[in-house]
Amino acid sequence: MEIFTVVPGYWLQQAINCLVLASFYVTLATAYALLQGITNRIILSFGDFATYGAFAAVYAALWSLLGGEAGIAVVAIALFAGMTAAAALGRASHTLVFAPIIRGPGQAVMIASIGLSIVLQEVMRLQSDARDQWLPPLFSGGIALTGGVFPVQLGYTQLAVIATTFGAIAGLLAMMRYSSLGRLWRATSQNALLAQLSGVNTGSVFQWSFVAASVLASIAGWAIAVGYGGVSFAMGLVLGFKAMFAAIIGGFGTIGGAIAGGIFLAFIETAWTAAFPMAYRDVATFGIIILILTLKPEGLLGNGRRRESEG
Amino acid sequence: MKKYLFSGIALGFAAALSATTALADITIGMAGPITGQYAAFGEQMKRGSEMVVADINAAGGVNGEQLVLEVGDDACDPKQAVAVANQMVSKGIKLMAGHFCSGSSIPASQVYAEEGILQISPASTNPVFTEGGLWNTHRVCGRDDAQGIVAGNFLAKHYAGKKIAIIDDKSPYGKGLADETRKALNAAGQKETLNESYTAGEKDYTALVSKMKDAGIDAVYVGGYHTEGGLILRQMREQGMASQMISGDAFNTEEFWTIAGPAGEGMIFTFAPEPRNNPAAKEVVEKFKAGGYDPEGYTLYSYAAIQAWAQAATATGGTDGKKIAEWLRAGNPVKTVLGELSLNEKGDIKDAKYVWYKFHDGKYTEDTSLQ
C-alpha cells in the first residue's frame, strides 16, 4: 500500500527536476534551431555564449549584492545584464565573423564557430583566473506542494528558472507565429532564395536571428548561474553539445523540434537517474540518441524535407 | 654572413641557457590543479611550496645549492597530468612534490619512475598510489583505507539501523574512498541502503537528491570533492532533505561554504589532525598569516613534502632519486611542519591519523566530540 503513497510524490518531484533541466536544454537548442533553420549551417558557439551570459549575470549579481540589493531584484538585474552582454556579443560576432562567411561552405562556418568558442573560453578563463565563480544562495526555500510521505518541494529559484525560460520560449513562439519578423523568418527558412527574390532582406533576418539566439543562450546561462549558484569557464562545451544533440533528435532546424528534443533529453537523463543506477546515465542517454537517429535520421519532429539552400 | 649571424644567435642562446642553469642549481617541481574547479587546492599547494623553497633558500639551500620551483597545472585531469609530467622531466626536476588528485598522481608517477625522479604527494590518498610497486612514490598524507575505516566505523556507530547512502564521483580518489568506507561499514555489520555514482563537473544533481529523499536516507557519505558535494548539499536542502552529509579530506577548504552557503552548516568530514595547530608549524603559520594568507588544508602538507625531501637530500649528500627513496623508506625520521614523520617501506607515513571536522558559520574546525 505504501508504494502507492510514495510513488506519485517521488515522480512529481522528478518531473520538476526534469523541467528545470529541460529549461536549459530547450532554450539552447532553440538558439541552434533559429540559425540552423534559416542558414542550414551549424554554429556551435552557443554553449559558450551561454557561459558568457552567465558570467555577466554573476558579476552583475555580485555587484548589485554589494550595492545592497536583495532577492528578486538581484536576479532580475543579473538576467538583464546577461541578456544585454550576450546581445552585444551576438551582434558583434554576426557582423565580424558569420555574416561574411555564412554563404560559404558549411565546414567553414562550423570551424569558425568552434574557433569563436575557443576564443571565448580562453578569454573567460583568463578573466576569471580559471576559477569557478560562485554566488551566495539568493533566495533559499520554496513551496511545499504536497505533504505526506514524500513532500514535494518547488524551490523559489527553480520556479524563477522555469517561469523565465519557458516564458521566453513562449514569447519567441508567439513572435514566430504572429509578428512580421516571424513571418520573414519562416519564409527564409522554407526557401531562402525564393524569399530573397520576393523582397525579403534575408541578411537582416539572419542578423536579428543571431541576436535572438544569443539572448536565448544567455537566458540558459543565467538560469545556470541563478539556479545552481555557479559558473565555470569550461561549462559551455558539454552544455552546447548536449543542446545540439537535443536539437538534432528533435528535428534539426525547426523550433518545435528543438523544444521537443530539449524536453526529451532532460526526460531521459532524469528518468534514468530516477529509476536506474546513475553511473550508467550517459551510456543510456547517448545510446538512446544514437538509436533514434538510426531509426529516424530526420529527428522526432523533423519534416525530412531537403532545403534548397542545402545545395 | 648569414651563417655567422645564425651561429652568433645560437651561441647567444647557449650562453643564456648555461647562465640560467648556473643560477638554477636544483630544480624541483610541484603540480596540481592550478586551474579548473579544484583550483582552491592548487593554490594551497602553490603557496606551501613557494614558502618552503624561499625558507630553505634563505637558510642556505640544499647541500649548498639553491632551489628553483617549477609549477605545473594538471587541472586534476589524468591526461593533462601525464603531459605535465613529461614537461617537468624536460625541465630536469629532481623532485615532484605533487600531484594533488589521486587520478593525476597515479598515471604521472610512472613517468617520473622511468626518469629517476622522486615523487612525494602532499595530498593523494588513494592506496593504489603507493601500492603500485614503484620505487619513487611517497606521500606525507594518510591513505583512504585508513580514512575509510574511520568514516565507516563512525557511520556504523552513529547511524546503526538507519539508512545510509554512499555516493561517489567515479574518480580514483572519490570511488576509492567510497569503497573503503563501504568496506568498513559492511565489516561492522551494516549494509548501506543506496549506492550511486555521479558525474563530476555537472550542476544538476536534483534527480539524485530526489532519489535519496525517496529512499529516506538519514546520512549521505560522499566520495568526492567539495564542489559537487556543496552543490548536492545545497540541492538537498532546497528539496527539504535534512540528512547529514559526511565526507573526506577533499572538503578541507572554505570554498565549500561559498558553494553550499548556509546549507553547509553542520557538514562533517575526516582529515588529519589540524596541521595549523601543530607546535612544529607555529612559526611557519605565523609567517603565512603575516603575509595575509591562512595556510588551510594542504598548504602545510606541500611545505612538509619538500622539507622531507630536503632533509633526505642533505642526509644522502646528493639529489639521486633512488638513494633518497631508500633513505626515506628506511624509516629515517624527518622533521617537518607536520611534526616528526617517518615513512614505511611502501612510502606511506607511519601512524596516519584521521579526525573529524565540522563546518560552522563558514569555517571548519576539528571537533573532538565526534568519535
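Naming convention: chains lettered A, B, ... in sequence-line order (proteins, then strands); numbering from 1 in each chain.
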> Hey, is CZ on A:F241 packed in by over 12 heavy atoms from elsewhere, all under 6.0 Å?
Replying inline: no
>> Within the 4.5 Å heavy-atom criterion, are A:Y228 and B:R234 side-chain neighbours or not?
In response: no
> At a heavy-atom separation under 4.5 Å, does B:K213 approach chain A through its side chain, its backbone, both, or neither?
Replying inline: both
> Is the number of heavy atoms from other residues, nucleotides or ligands under 6.0 Å of B:Y293 OH greater than 12?
Replying inline: yes
> Side chains of B:Q239 and A:N17: is there a donor and an acceptor less than 3.5 Å apart?
Replying inline: yes
> In residues 39-50 of chain B, which residues are in contact with chain A at a heavy-atom separation under 4.5 Å?
Replying inline: B:A39, B:A40, B:E43
>> With a 4.5 angstrom heavy-atom cut-off, is it the side chain or the backbone of A:A144 that approaches chain B, or both, or neither?
In response: neither
> Are any side-chain N or O atoms of B:K211 and backbone N or O atoms of A:T273, one a donor and one an acceptor, separated by less than 3.5 Å?
Replying inline: yes
>> Nearest 0.5 Å, please: how far is OG1 in B:T258 from CG in A:D132?
In response: 9.5 Å
> By a 4.5 Å heavy-atom criterion (distance strictly below it), what part of A:A234 contacts chain B: side chain, backbone, both, or neither?
Replying inline: neither
> Given a strict heavy-atom distance threshold of 4.5 Å, which part of A:E269 is in contact with chain B: side chain, backbone, both, or neither?
Replying inline: neither
>> Taking CZ in A:F267 as the centre, count heavy atoms belonging to other residues, nucleotides or ligands within less than 6.0 Å. Is the count above 12?
In response: no
>> Are there residues of residues 194-207 of chain B whose heavy atoms fall under 4.5 Å of chain A's heavy atoms? If so, which?
In response: B:E196, B:S197, B:Y198, B:T199, B:E202, B:K203, B:D204, B:Y205, B:T206, B:A207
> Which residue out of A:A274, A:S232, A:G155 racks up the most heavy-atom pairs below 4.5 Å with chain B?
Replying inline: A:A274
>> For a 4.5 angstrom cut-off between non-hydrogen side-chain atoms, does B:E238 reach A:Q153?
In response: no
> Checking A:L239 against chain B: side chain, backbone, both or neither under 4.5 Å from a heavy atom?
Replying inline: neither
>> Need one label for B:A263: side chain, backbone, both or neither, based on atoms under 4.5 Å from any heavy atom in chain A.
In response: neither
> Is the NZ atom of B:K163 crowded by more than 12 outside heavy atoms at less than 6.0 Å?
Replying inline: no
>> Please rank B:P33, B:G261, B:S210 by heavy-atom pairs under 4.5 Å with chain A and give me the top one.
In response: B:S210
> Tell me, side chain or backbone of B:L231 under 4.5 Å from chain A's heavy atoms, or both, or neither?
Replying inline: side chain
